[in-house]
Amino acid sequence: MISVTRTRLDNGIPAVAQATADALRIAIDDRHITAAGAVALERVLNGLAPQRRSPEADVEGGE
C-alpha cells in the first residue's frame with residue numbers, strides 16, 4: 001500500500017519516503033503540493049503497484 005501525506009517538513013526539503021516490505025509512505029511538504037495533488041499522486045501510485053505474487057509462482061512451472 002502506498003500513502004501520501006501533506007505535512008510541513010522542518011528542513012524544507014520537498015519530500016521524504018519510507019519503504020517497508022508492505023508499504024511505501026511518502027510525506028510531501030505542503031509548500032510543494034496541494035491536497036488534491038497528494039490524493040491524485042497516491043491514487044496513481046497505488047494503481048501502478050504490482051500485484052503480490054504467491055511463492056509458488058517463483059517455482060519453475062508454478063503460476
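A quick note: this is a predicted structure, and the numbers were derived from the prediction, not measured.
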Exercise for review: Using atom types as modelled and distance alone, determine if a side-chain donor or acceptor of Thr7 lies under 3.5 Å from a backbone N or O of Leu9.
Suggested key: no

Donor-acceptor pairs are to be reported for all side-chain atoms of residues 34-42 against protein atoms at under 3.5 Å, with residues two or more places apart or in another chain.
unit_1: Thr34; atom_1: OG1; unit_2: Gly37; atom_2: N; d: 2.9
unit_1: Glu42; atom_1: OE2; unit_2: Val4; atom_2: N; d: 3.4

Point to revise | Side-chain (Arg25) to main-chain (Met1) donor-acceptor, under 3.5 angstrom | key: no

Exercise for review: Please answer whether the main-chain N or O of Ile2 pairs with a side-chain N or O of Asn46 as donor and acceptor at a distance below 3.5 Å.
Suggested key: yes

**Study point:** Transitive ILVMFWY side-chain link Ile33 to Ile26, under 4.5 Å
**Key:** yes

Review point. Would you say the side chain of Arg8 lies within less than 4.5 Å of the side chain of Asp29, judging by non-hydrogen atoms?
Key: yes

